[in-house]
4 protein chains.
Amino acid sequence: MTNSVDRRTQAAQKRRRLTAAAARVLHEQGVERTTLAGIAREAGVPVGNVYYYFKTKDELVRAALGEHRDRLDELTAGLDRLPAPRDRLRALIEAWVSERETTARYGCPLGTLAAELGKRADGTPAAEAGAVIRRLMDWAAAQFRAWDVPDPDAHALTLVSAYQGMSLLAHALRDPAVMTREGARLLRWLDSLRAGPGVSP
Amino acid sequence: MTNSVDRRTQAAQKRRRLTAAAARVLHEQGVERTTLAGIAREAGVPVGNVYYYFKTKDELVRAALGEHRDRLDELTAGLDRLPAPRDRLRALIEAWVSERETTARYGCPLGTLAAELGKRADGTPAAEAGAVIRRLMDWAAAQFRAWDVPDPDAHALTLVSAYQGMSLLAHALRDPAVMTREGARLLRWLDSLRAGPGVSP
Amino acid sequence: MTNSVDRRTQAAQKRRRLTAAAARVLHEQGVERTTLAGIAREAGVPVGNVYYYFKTKDELVRAALGEHRDRLDELTAGLDRLPAPRDRLRALIEAWVSERETTARYGCPLGTLAAELGKRADGTPAAEAGAVIRRLMDWAAAQFRAWDVPDPDAHALTLVSAYQGMSLLAHALRDPAVMTREGARLLRWLDSLRAGPGVSP
Amino acid sequence: MTNSVDRRTQAAQKRRRLTAAAARVLHEQGVERTTLAGIAREAGVPVGNVYYYFKTKDELVRAALGEHRDRLDELTAGLDRLPAPRDRLRALIEAWVSERETTARYGCPLGTLAAELGKRADGTPAAEAGAVIRRLMDWAAAQFRAWDVPDPDAHALTLVSAYQGMSLLAHALRDPAVMTREGARLLRWLDSLRAGPGVSP
DNA sequence: GATGAATGAGTGTTCATTCAT
DNA sequence: GATGAATGAACACTCATTCAT
């Protein structure tokens, strides 16, 4: 019994190791330039064995997206402990800025994956990427709503759009300062909200 | 004499056809999923012949980025004919929105190319993509400056960042309405500027 | 004691399940397209466990051939209960025709396996397939001999050859009617025998 | 001009070399055990180059079947020069027997390919193999018809079925004498036809 | 004796790039 | 300068077989 549990645990751990490696390498190299061998090497797993856990490369991509979704959930779960919705949003922006070095180097994991996958004729794992981004938007909208800002969905769209834009620019220009500058602006924007009918962006 | 001119002209045309095809196909399929054979086919040029005009695939990618730069220049040149800088910026935003269907399908050409290229270890054609984006920012900054808005560079960053963000979201969610909504917001934002020292977006 | 007998019995049952599954799947898919995993799945046995019963895939193939030999023996044993040799042969032909749908879909199990295995450089399991076919020929020859037909071996060869030919054609043309037509002809041929020295086919 | 013709000719020759090699190797090793590398080696062509001429392995299989069809056409075209249909059929049988060594080693190319391909779920190149076999049957039927034998189609079926059966048995038993014996019987059978209402097989 | 997991050699296929004419 | 063909180094994926427990 202990044995089988151990083994099951080990297998689950390996799966997680592979998923984590996939998430990392796919973020760093993009989908098409990433080879299964590369992910396997990174995870310390022989190539052939990868296929015991994931039947195709696309499945690994999906798993990586799932990993990013889980990390997003962890992040928002942490933020949810803050009492004020506005503070949660502030903290979210600060989290984004704190990742500026990675973002400048590799872009936002979700954004860059979505951009690459979105061009496929069959939009297979692309929809998954979109769903995770929408999850972020939904969470943000919930905060705006709790905070009683009018048109919370529009504000969520603006916020997430701004995040994707600043991440892309930071990446394209290889300049983490973009994140700092735009992050600061977003914080000011948050502060300005509800101060009146509000000029949004 | 006439002959050699003809030939030179023909060659230049072929080069242009290849560049245009590269710009289109790379936008639609992304860099890694695009094959030289595909570009050649699209341009009506035999594969082997491509190498007479471009030594490597990367050079074709660079040429495609050059094509996008040229189109950007044409666009801004057209906008420059408008007398008021604010109207130029408004027209720019309207141009973005008018491309919403293509953007929802394939993303912003510059943004998606930059995202894909930016991950390469040797940032070879990535820098080119960044340069074109910066060119757009510079033009925008010039408008804000001409309009006498304080901190024109920050405003340009915000504007272009917003464009990249809304393009990415429209693409990721396959929803052109994102472009319409955020475009309208940007126009309101423009209108609100100079109404005072202004909390920007 | 009971335990060990049970276990021995269970093991024997598993072996039989595997052999039966192998016979079926190898018939339906051919040797090379059949995977051990597929046989194991069909038999309800974990893959790793197969190797406890069969050291190699080839051994499973041999076991499948043994299964077909056993079925052949059962068939002829049943036919042997008929008093007249000619009736036994008639019944054999009728048995062949009754299998026409399966044969049109997958060919004769022995014939198709022999055809596929016969090309191997080392004729390892090929000889086994040939031996089973010869067993059928021997039984047929025995009937012709008991029936006192001259040159029973030649007649057996003709009969079995006709069976293999009609099976292959029915399979190649995916037409079970081939079995019906040629089966009827074989029956007429049987009836014509002993009507004299006889022009055979 | 000469150049381009030369090149076109060379390319066609290479294609033919590949097709011939494929026909040979597929006959000797079967479809599944044959690797593209093996065919390429046999044809003296680098592996990658094979794909310039054939997009998939299946296409090569089809080409090999086409090769066998062409050889069949050549054979029957030669036989058609004989004035009497019965002599054409006799010569056909003699041709079969003369191939007995190859047949005993590798089986009938069409028959074994049809047997292997016929099991595929998607009957892709299987239909092609069946079509070539039917072509042989059609030719044989035409001879019986010209010879004014009643029910020429049934006789053609019997003849070709006999050929496939004897080939399979010769192969399964690795005994070319099967071809000799059954070939002689077929000749006697031919002679017996029209000598009366005829006992067929 | 049973079993999920591991392993690695191969297989078809793609594609940027080069070559010969 | 043009072009069909050649080349070879990947790559994703499969599978018989072995291993550890």
Side-chain angles (χ1 to χ4, degrees), chain A residues 2-8 10-12 14-15 32-40 45-60, chain B residues 3-4 7-8 10-11 14 32-40 45-60, chain C residues 3-4 7-8 10-11 14 32-40 45-60, chain D residues 1-8 10-15 32-40 45-60:
Chain A
T2 313
N3 261 353
S4 90
V5 165
D6 269 15
R7 255 199 266 147
R8 222 176 299 154
Q10 268 197 321
K14 205 167 194 178
R15 201 172 208 284
E32 298 298 333
R33 289 181 82 90
T34 294
T35 69
L36 279 177
I39 295 176
V45 165
V47 218
N49 197 9
V50 174
Y51 282 86
Y52 186 79
Y53 295 94
F54 301 94
K55 262 194 283 295
T56 62
K57 186 183 178 182
D58 265 23
E59 233 177 75
L60 252 177
Chain B
N3 252 353
S4 90
R7 254 197 253 147
R8 226 177 295 151
Q10 271 197 325
K14 225 174 198 175
E32 298 298 332
R33 288 180 86 91
T34 293
T35 68
L36 276 182
I39 295 176
V45 168
V47 215
N49 200 4
V50 173
Y51 281 83
Y52 178 71
Y53 298 95
F54 302 95
K55 261 199 286 294
T56 64
K57 187 183 179 183
D58 266 20
E59 240 179 68
L60 248 179
Chain C
N3 251 354
S4 92
R7 255 198 253 146
R8 224 176 296 153
Q10 270 197 324
K14 225 173 199 176
E32 298 298 334
R33 288 180 85 89
T34 293
T35 68
L36 276 181
I39 296 175
V45 168
V47 215
N49 200 5
V50 173
Y51 281 84
Y52 179 71
Y53 298 96
F54 302 95
K55 259 199 286 294
T56 63
K57 185 183 179 183
D58 267 20
E59 239 178 70
L60 247 179
Chain D
M1 193 58 181
T2 313
N3 260 353
S4 92
V5 165
D6 269 17
R7 254 198 267 147
R8 221 177 298 153
Q10 268 197 324
Q13 274 179 348
K14 205 167 194 179
R15 200 172 209 284
E32 298 298 334
R33 289 182 83 90
T34 294
T35 68
L36 279 178
I39 295 176
V45 165
V47 217
N49 198 10
V50 173
Y51 281 87
Y52 186 78
Y53 295 95
F54 301 95
K55 263 194 283 297
T56 63
K57 185 181 179 184
D58 264 24
E59 232 177 76
L60 251 177

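Convention: sequence-line order gives letters A, B, ...; per-chain numbering from 1.
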Respond yes when some side-chain nitrogen or oxygen of D/Y52 is under 4.0 Å from OP1 or OP2 of E/dT14, and no when none is.
-> no
Is any side-chain N or O of A/Y53 closer than 4.0 Å to OP1 or OP2 of E/dA5?
->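 So the side-chain polar atoms of A/Y53 never come under 4.0 Å of the phosphate oxygens OP1 or OP2 of E/dA5.
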Proximal nucleotide (of F/dA2, F/dA6, E/dG4) relative to the D/K14 side chain | F/dA6
With the criterion being N/O to N/O and under 3.5 Å, what pairs connect the protein with nucleotides 13-15 of chain F, and how long is each?
unit_1, atom_1, unit_2, atom_2, d
F/dC13, OP2, A/Y51, OH, 3.2
F/dC13, OP2, A/K57, N, 2.7

List the atom of [X], the atom of [Y], and the distance in Å for their closest heavy-atom pair.
X: A/T56; Y: A/Y51; value: CA-CE2, 4.4 Å
X: A/K57; Y: A/E32; value: NZ-O, 4.1 Å
X: D/A40; Y: D/P46; value: CB-C, 4.3 Å
X: B/K55; Y: B/E59; value: N-OE1, 3.4 Å

Return the 5'-most residue of the pair C/A37, D/P46 with respect to DNA chain F, ranking by each residue's nearest nucleotide.
->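 Going by which nucleotide is closer to the 5' end, it is D/P46.
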With a distance cut-off below 6.0 Å to the six-membered ring centre and an angular limit of 45° from the axis, does A/R15 pair with A/F54 as a cation-pi contact?
-> yes
With side chain to side chain contact (heavy atoms under 4.5 Å, CB included) as the test, would you mind laying out the steps for A/I39 and A/V50 before giving the verdict?
-> CA-CA 9 Å; A/I39 295 176; A/V50 174; 5.9 Å; no
Under 4.0 angstrom, heavy atoms only, what part of the nucleic acid is B/F54 near: base, sugar-phosphate, or nothing?
->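 No contact.
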Under a cut-off of 3.5 Å for both distances of each Watson-Crick or G-U pair, what dot-bracket string does DNA chain E give, using [ ] for crossing pairs and | for inter-strand pairs?
-> .||||||||||||||||||||
Using the test side-chain hydrogen bond (donor to acceptor under 3.5 Å, both in side chains), find all partners of C/N49 that sit at least two apart in sequence or belong to another chain.
->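 Once residues adjacent in sequence are excluded, C/N49 has no partner under the side-chain hydrogen bond (donor to acceptor under 3.5 Å, both in side chains) criterion.
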